[in-house]
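Structure first, then comments.
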Number of protein chains: 2
Amino acid sequence: MSRKTFQRLSLDERRRSMLEATLECIAQHGLDGATARRIAERANVTAGLIRHYFGSKEDMVLAAYGYLVGQLTMQAAQASGQDATHPERRLARFIIANVTPPNLSDRNVSLWATFIGRIRALPSYADIHRESYRDFLDLLETMIHAVMAARQRPVSAEACQDQAVALNGLIDGLWLEGSLDHGLYAADRLPRIALTAAAGILSLPADALSIHLEPHADTPPDRN
Amino acid sequence: MSRKTFQRLSLDERRRSMLEATLECIAQHGLDGATARRIAERANVTAGLIRHYFGSKEDMVLAAYGYLVGQLTMQAAQASGQDATHPERRLARFIIANVTPPNLSDRNVSLWATFIGRIRALPSYADIHRESYRDFLDLLETMIHAVMAARQRPVSAEACQDQAVALNGLIDGLWLEGSLDHGLYAADRLPRIALTAAAGILSLPADALSIHLEPHADTPPDRN
DNA sequence: ACTGTTGTTATACGACAGTATAACAACCAT
DNA sequence: ATGGTTGTTATACTGTCGTATAACAACAGT
C-alpha cells in the first residue's frame, strides 16, 4: 500500500487543469453531478487540492465560469481576424465564428446556461456576465461603426448602439438554439441565415455580408 | 404536541402548487439550494408528498420545467391577440410581449437557463425543449407568412423558415440579455430595438412594425 | 354518526456531500 | 547529498440530502 505518485505542477498549470476538469464535469453531469470528488478525479488529483487552490468548491466553480467566458470571447475575437481594411468581411467572419464550431457546441451552451442560471442566486456571477456582455457589445459596436464609415453612411452613436444590441441578440439566440441540436434544421444553414438577417438589421443589401461566406483560407483571395 | 393540521387538495391544485414552489425555490436559491425540504416548506406540505405526487424529486423538477415553458408560450401567444386581420400588428404585439414584462423577467430567464443547462446531462429535458422550440418557431412562421401574404410579397417556404429562425434567435437573445438587468441600457428601449431589427430581417420598411408600438388598449384605434 | 380510503404528516435511515486536518513526498536551494 | 518547503495525498468528520415507511387525520359514501 503505497501512496499515489504525483507530479508538482506550476500554479497556473494546476489551476487551469482543475478549471477544465470542473467545466468538463458540469457539462457532462450537470451542476449536481459535478461533485468535488468527481472533479478532482478528472483532474487527476485528490479533492483536498480544491481547498488549497480555490478555498472552496463554490469559488472554484465561479472561477471556472470566468475561465469559460474568457475563452469564448477570445475565440470569437480571434476568428474575426485583425484585417481592419475590410470592415464587412471582418464583421461577417465574426458572426460566422459565433454560429459554427467550435464556438457552436452543446458543451459551451450547456455550461453557459448553467452559469446564467446561477446569476440570480449568487451575485458574483452577475459581475462576470456583465463584463463579458459589455466586451461583446463593444466589439460589435466598433465593427458596425467601421462598416458604416466605409459605406459613408453616417449613423448616430445611439442608432449604432441599438444595432449592436439587436445584432448581439441575434447572435446569442442563434448560437444558443443552434447548439442544442434539436434536429429541426441543419446547423450548416445557420451562417447564411445569420448573415442575411444581420444585413437586414443593419439595412445593408441582403448579400452584403454573405458575400464573405466562401473563403475558408486565412489568406484573402484578392490581390493587393 | 399535535400534528400539523392540513387540508386535502385536489390532485391538480396540489400538483400545481408544488410545481410553483419548485420553480420559486430554483429561481431564488438555484438548483443546489432547491432542496426537497425547502420546496415542501414553500408549498406548505412535508417532503413526503413529493414521492406521493411525482415519484421522485428529479421527476418533479422535470415536470416543473414543462410547466414553465407551457406558461411562457401561452403568455406570449395570448399577448399577440387573435386579430388575424392585421398581420403586422399581430406580429408586432407578439414581439413586444416577449421583450416586456411579465415575460421579460430575471426569474423566467434564470429558470429557463437552469433547465437548459441540464439538457445535455438528462435527455428528458431535451424533449421538452425541442417541443417548445418547435411550437415557437411554427407560431413565428405562420405570422411571417401572413405578413408577406398581406403585402402580396411571395416568399418561398424555405425563405420563410429561415426568417423565422432568425427572428426567433433575435427574440430569444433580446429576451435573455434584457432580462438579466446588467444596467448597460434601459430595458424600455428593447421594444423599439426589437421591432426595428425584426423589420430589417423581414426586409420591411424600417417602421413597418414599430408603428404598432403605441396602442396599449385592447381596442384597436382604427374605426371599422 | 360511522367507517373506509387515501392524502398527508412524522420520523428514521443510509448515502454522500464538502471540507478540515495530518501525514507524506516531490522538488529546490544549498 | 541533504534538509526544508509546500504541493499533494489520505482520512475522518459533520451536516444534510433524498427517500422509504408507518402512523395519522381529513373527507366521502353510507
Side-chain angles (χ1 to χ4, degrees), chain A residues 1-26 28-65 114 118 121-122 124-125, chain B residues 1-26 28-65 114 118 121-122 124-125:
Chain A
M1 297 305 162
S2 67
R3 281 204 160 202
K4 175 183 170 191
T5 170
F6 62 93
Q7 191 182 356
R8 289 173 109 113
L9 253 56
S10 82
L11 190 142
D12 272 354
E13 281 175 316
R14 186 62 81 195
R15 271 182 64 99
R16 171 180 314 252
S17 113
M18 293 180 74
L19 292 179
E20 257 153 17
T22 304
L23 293 181
E24 218 46 55
C25 283
I26 295 178
Q28 188 166 358
H29 306 102
L31 242 188
D32 308 337
T35 68
R37 284 174 175 81
R38 185 128 55 180
I39 294 171
E41 187 188 16
R42 181 154 217 135
N44 255 305
V45 295
T46 52
L49 265 203
I50 294 175
R51 176 177 163 77
H52 188 258
Y53 276 100
F54 299 96
S56 73
K57 185 203 170 190
E58 178 55 42
D59 283 348
M60 180 173 71
V61 173
L62 183 68
Y65 178 32
T114 300
R118 305 193 68 159
L122 293 75
S124 341
Y125 287 81
Chain B
M1 295 307 161
S2 68
R3 280 203 162 204
K4 175 182 171 189
T5 172
F6 62 90
Q7 191 181 355
R8 289 173 109 113
L9 255 56
S10 82
L11 190 142
D12 272 354
E13 283 174 315
R14 184 63 79 197
R15 271 182 65 96
R16 172 183 313 256
S17 113
M18 293 180 73
L19 292 179
E20 257 152 16
T22 304
L23 294 180
E24 219 46 56
C25 282
I26 295 177
Q28 188 166 359
H29 306 103
L31 202 50
D32 307 336
T35 69
R37 284 171 175 85
R38 184 129 56 181
I39 294 171
E41 187 188 17
R42 181 153 216 136
N44 255 305
V45 297
T46 52
L49 265 202
I50 293 175
R51 176 177 163 79
H52 189 259
Y53 275 100
F54 299 95
S56 73
K57 185 203 170 190
E58 179 54 42
D59 284 347
M60 179 172 72
V61 173
L62 183 67
Y65 178 33
T114 300
R118 304 194 71 162
L122 292 75
S124 341
Y125 287 80

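Proteins get letters first, then strands, A, B, ... in listed order; numbering begins at 1 in each.
- B/Arg15 places its CZ atom 17 Å from the C1' atom of C/dT8, with the value rounded to the nearest Å.
- In this structure, CD of A/Glu13 is placed 12 Å from P of C/dC27, rounded to the nearest angstrom.
- Rounded to an integer number of Å, the gap from B/Asn44 CG to C/dT8 P is 12 Å.
- For the pair B/His29 NE2 and D/dT16 P, the computed distance is 14 Å after rounding to whole Å.
- Looking at heavy atoms from C-beta onward, A/Val61 lies in side-chain contact with A/Tyr125 at the 4.5 angstrom threshold.
- B/Glu41 has its CD atom 15 Å from the C1' atom of D/dT16, to the nearest Å.
- When each of B/Leu49 and A/Lys57 is assigned the nucleotide of DNA chain C bearing its nearest heavy atom, the one mapping closer to the 5' terminus is B/Leu49.
- The environment of B/Glu58 atom CD is dense: over 12 non-hydrogen atoms of other residues, nucleotides or ligands sit within 6.0 angstrom.
- For the atom pair B/Met60 CE and B/Arg15 CZ, the distance stands at 10.5 Å (nearest 0.5 Å).
- The residue A/Arg14 sits close only to the backbone: its heavy atoms come under 4.0 Å of sugar-phosphate atoms, none of a base.
- Rounded to a whole Å, the CD atom of A/Glu58 is 16 Å from the P atom of C/dA17.
- One interatomic measurement links the two molecules: CG of B/Leu11 to C1' of C/dT8, which rounds to 14 Å at whole-angstrom precision.
- Under the side-chain hydrogen bond (donor to acceptor under 3.5 Å, both in side chains) rule, A/Arg42 has a single partner from A/Gln28, A/Glu20, A/Glu24, which is A/Gln28.
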side-chain contact (heavy atoms from CB on, under 4.5 Å) assessment of A/Lys4 paired with A/Asn44:
CA-CA 10 Å; A/Lys4 175 183 170 191; A/Asn44 255 305; 4.2 Å; yes
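- Looking at heavy-atom distances under 4.0 Å, B/Leu9 makes contact with sugar-phosphate atoms alone, never a base.
- Nearest to the side-chain atoms of B/Ala47 among the listed nucleotides C/dT19, D/dT19, D/dT8 stands D/dT19.
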Please tabulate the protein-to-nucleotide N/O contacts below 3.5 Å involving nucleotides 27-30 of chain D, giving atom names and distances.
none

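- Base engagement by B/Thr46 is indicated by at least one non-hydrogen atom pair under 4.0 Å involving a base atom.
- Summary of the strand contacts: A/Asp32 and A/Gly48 both lie near DNA chain C, and taking for each the nucleotide with the nearest heavy atom, the more 5' one is attributed to A/Asp32.
- For the atom pair OH (A/Tyr53) and CG (A/Leu9), the distance works out to 7.5 Å, reported to the nearest 0.5 Å.
- If you take OG1 on B/Thr114 and CG on B/Leu31, they are separated by 6.5 Å, rounding to the nearest 0.5 Å.
- Closest to the side chain of B/Arg3, from the set C/dG18, C/dT8, D/dA10, is C/dT8.
- Listed pair A/His52 / D/dG7 meets the phosphate criterion, a side-chain N or O lying under 4.0 Å from OP1 or OP2.
- Heavy-atom nearest nucleotides on DNA chain D were determined for B/Ile50 and for A/Val45, and the one closer to the 5' end corresponds to A/Val45.
- Between the C1' atom of D/dT11 and the CZ atom of A/Arg37 lies a distance of 10 Å, rounded to the nearest Å.
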